[in-house]
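The structure's right below; bear with me while I get my questions together.
No experiment lies behind these values; they were computed from the predicted model shown. Residue numbering restarts at 1 for every chain, and letters A, B, ... go by the order of the sequence lines.
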Protein chains: 2
Amino acid sequence: MNFLTANLIPKKHQSLAEQVEQKLLSYLKANNFNIGDQLPKEIELAAHLGVSRNVVREALSRLRMMGMVESKKRKGMVITEPDLLSGLTRIMDPSLLGKENMQDIFELRLVLEVGMADLLFVRKKDTDIQELKDIANREAADENCQNSQDVRSKYEVEFHGKLYAMSGNSTLSRFQKLLLPIFNYMEAVEATLDKAPAKGKINHFDLIDTLENGTAAQFRKRMREHLTPHYARL
Amino acid sequence: MNFLTANLIPKKHQSLAEQVEQKLLSYLKANNFNIGDQLPKEIELAAHLGVSRNVVREALSRLRMMGMVESKKRKGMVITEPDLLSGLTRIMDPSLLGKENMQDIFELRLVLEVGMADLLFVRKKDTDIQELKDIANREAADENCQNSQDVRSKYEVEFHGKLYAMSGNSTLSRFQKLLLPIFNYMEAVEATLDKAPAKGKINHFDLIDTLENGTAAQFRKRMREHLTPHYARL
DNA sequence: GTAGTTGAATATGTACTACATATTAATAAA
DNA sequence: TTTATTAATATGTAGTACATATTCAACTAC
């Protein structure tokens, strides 16, 4: 391609479906719609935008995938609230992601759990503390913890998952669940390298105690220490 | 939801395009492909799955949207590394999200900035510190800061954006940029309610000093104090 | 033989038609 | 008035046809 034709083509080529998707998004953003409002019919959109119905359907399919619209058979398409994590739920898999993304996600977990402290202290309930204690007690009583890494990590997941749930932030909590396969994979890889799982000095009982009697700053410090083996990966 | 209940609960009707999307995703997850590998042609997929090419194209369009595949005109579709934030880039807009999602995102920012400390201390460079100082100095010298909330928030964004960039976590940094419109919107709403923007006791110079001479734990504490006005919203 | 050009082959991109399906809304029956 | 039936309609799916762009091979020129 010579420089003349290069100048004639300003943007990287976008398919019509992508263009229509963006137009629909701008349309929705600009007109402050409410949830439940109706979208024009596919045929009308196609006619108005001067494209085929196929193209419109591809664009709408993407909006549907994000949870931005729902389509009913005769009613047409109605606007819904998009799902923040709809994309992530599909691709959060070790076999789909590269090293850099996995490392980013790994780090994100560490950041979240340390930074989450204030949410926990604002929203903790007595019943939550009790549940944490139950988990920690079951963990302490389970002799399989000595032998099996799987068993250990089962309690680890349960305990920390409960913390995310306690945060009262459902996006955060859902994100943690998506994050698990990545984390497990990276731990498994680490295990094959003969790196001892090296437990931190702060255990779950210590964390519970801090959550019950301490401050958010103290909890952050202890959580940071609890996660020290993982921080070694930075 | 475990494997069993997943089968027991009758799924809400899924369109063929959605089913094909999932089949393609499972196919990609199961077969550990490498980036650059080719996917079968649309017609072959359609024939193999027993659906029309339209349906296959809708599914592929979704994968393309997530950055999982790229399509070249004659070459066919090749596997690429998915973009973790491709979904978010489209929907991170105050006019598309509801209160709960916005609140979740708002909280997430607070969690991230407090929890980010260790990343910063591992990866900070002298040049980064210098850049932070430059920003803080420009801010201190700008007399418009007194009058205009916009000017203040401009420096705020620049300073904190630099911190995210320093984290060395590009996903985190990109997420912060997406988060900005939400944050601005919520601050604007707060401003209309006559709530004074109430600056925290810890300013940017304090943060820089801690970053230069202190510890990660100290930085977390000070960042938490710096963000105190925002934490009031919890 | 090498470089550059041309042109055919081909997979994706777009348009269009036809019909299936499900659900609403109107109508008829009780 | 209530219930059952029917028609209308917007999305879902299938299929054909052609446009477009890019690869790859054949070919020409030097």
Side-chain angles (χ1 to χ4, degrees), chain A residues 1-25 27-28 33 35-80 82, chain B residues 10-24 27-28 33 35-80 82:
Chain A
M1 153 159 51
N2 60 39
F3 70 92
L4 236 171
T5 58
N7 285 342
L8 290 176
I9 303 170
K11 279 189 203 171
K12 194 165 62 180
H13 180 64
Q14 275 192 149
S15 73
L16 284 182
E18 282 163 349
Q19 294 175 40
V20 170
E21 182 206 342
Q22 293 194 349
K23 283 183 186 176
L24 289 177
L25 279 172
Y27 176 63
L28 293 177
F33 286 106
I35 293 176
D37 287 354
Q38 300 245 351
L39 248 61
K41 297 184 292 187
E42 292 176 351
I43 303 179
E44 290 173 0
L45 285 172
H48 184 261
L49 296 170
V51 297
S52 80
R53 200 178 144 220
N54 264 339
V55 168
V56 172
R57 278 187 61 79
E58 256 191 53
L60 286 174
S61 173
R62 292 181 172 198
L63 299 193
R64 226 167 30 231
M65 172 188 165
M66 294 185 271
M68 295 200 48
V69 301
E70 261 179 23
S71 44
K72 294 288 181 183
K73 260 299 170 63
R74 174 186 153 133
K75 200 172 184 183
M77 315 222 30
V78 298
I79 297 175
T80 56
Chain B
K11 283 187 199 169
K12 198 165 56 182
H13 179 66
Q14 280 193 148
S15 72
L16 283 182
E18 283 163 349
Q19 294 175 39
V20 170
E21 182 205 344
Q22 293 196 349
K23 283 183 185 175
L24 289 177
Y27 176 64
L28 293 178
F33 287 105
I35 293 176
D37 287 353
Q38 299 247 350
L39 247 60
K41 298 184 291 188
E42 292 175 351
I43 303 180
E44 290 173 0
L45 285 173
H48 183 261
L49 296 170
V51 298
S52 80
R53 200 180 143 219
N54 267 339
V55 169
V56 172
R57 278 188 60 78
E58 256 190 54
L60 286 173
S61 173
R62 293 182 172 198
L63 299 193
R64 226 165 32 230
M65 171 189 165
M66 295 185 271
M68 295 200 48
V69 301
E70 261 180 22
S71 44
K72 295 286 181 183
K73 259 298 169 64
R74 176 187 151 132
K75 201 173 184 184
M77 318 226 20
V78 298
I79 297 175
T80 56

For atom NZ of B/Lys73 and atom P of D/dC24, their distance in whole Å: 17 Å
Heavy-atom closest contact (A/Ala59 atom, A/Ala17 atom, distance):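 Scanning both residues, the minimum pair turns out to be CB-O, 3.7 Å.
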Salt-bridge present (A/Arg57, B/Glu58; N to O < 4.0 Å):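 A salt bridge links A/Arg57 with B/Glu58.
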Contact residues, residues 57-67 of chain B to DNA chain D [heavy atom, < 4.0 Å]: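 Residues of residues 57-67 of chain B that come under 4.0 Å of DNA chain D do not exist, since none gets that close.
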Between D/dG12 (P) and A/Met77 (CE): distance, integer Å: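 Whole-Å distance recorded here is 6 Å.
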B/Glu18 versus B/Gln14, closest heavy-atom pair with distance: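 Shortest heavy-atom separation between B/Glu18 and B/Gln14 comes out as OE1-CA, 3.4 Å.
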D/dA10 OP1/OP2 closer than 4.0 Å to side-chain N/O of A/Lys41: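 For D/dA10, OP1 or OP2 has a side-chain N or O of A/Lys41 closer than 4.0 Å.
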Among D/dT13, C/dT14, C/dC16, the nucleotide that comes nearest once only the side chain of A/Asn54 is considered: C/dC16
Whole-Å distance separating the NE2 atom of B/His13 from the P atom of C/dT21: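 Result: 11 Å.
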A/Lys72 NZ - C/dA22 C1' separation (whole Å): 11 Å
B/Ser52 side-chain N/O to D/dA14 phosphate OP1/OP2 under 4.0 Å: yes
Atom pair distance, as rounded to whole Å: CG in B/Leu39 and C1' in C/dT12: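 Rounded to whole Å, this separation is 13 Å.
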A/Ser15 side chain near C/dT12 phosphate (N/O to OP1/OP2, under 4.0 Å):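 No, because none of the side-chain N or O atoms of A/Ser15 sits under 4.0 Å from OP1 or OP2 of C/dT12.
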Rounded distance (nearest 0.5 Å) linking atom CZ of B/Arg62 with atom CD of B/Glu21: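 Those atoms lie 5.0 Å apart.
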Backbone N/O of B/Glu42 and side chain of B/Arg53: donor-acceptor pair under 3.5 Å: no
A/Arg74 side-chain proximity, nearest of C/dT12, C/dT24, D/dT13: C/dT24
Nearest-Å distance for atom pair NZ/C1', residues A/Lys75 and D/dT11: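 So the two atoms are 14 Å apart, to the nearest Å.
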Closest heavy-atom pair and its distance - B/Val56, B/Val51: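 Of all heavy-atom pairs spanning B/Val56 and B/Val51, the closest is CG2-CG2, 3.7 Å.
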Atom pair distance, as rounded to whole Å: CD1 in A/Ile43 and P in C/dT17: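 It works out to 11 Å between those atoms.
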Spacing of A/Leu45 atom CG and A/Leu39 atom CG [to the nearest 0.5 Å]: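 So the CG of A/Leu45 and the CG of A/Leu39 are separated by 6.0 Å.
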A/Glu70 CD - C/dT23 C1' separation (whole Å):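 Rounding to the nearest Å, CD of A/Glu70 and C1' of C/dT23 are 15 Å apart.
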Side chain of B/Val51 - closest among C/dG13, D/dA14, D/dT11: D/dA14
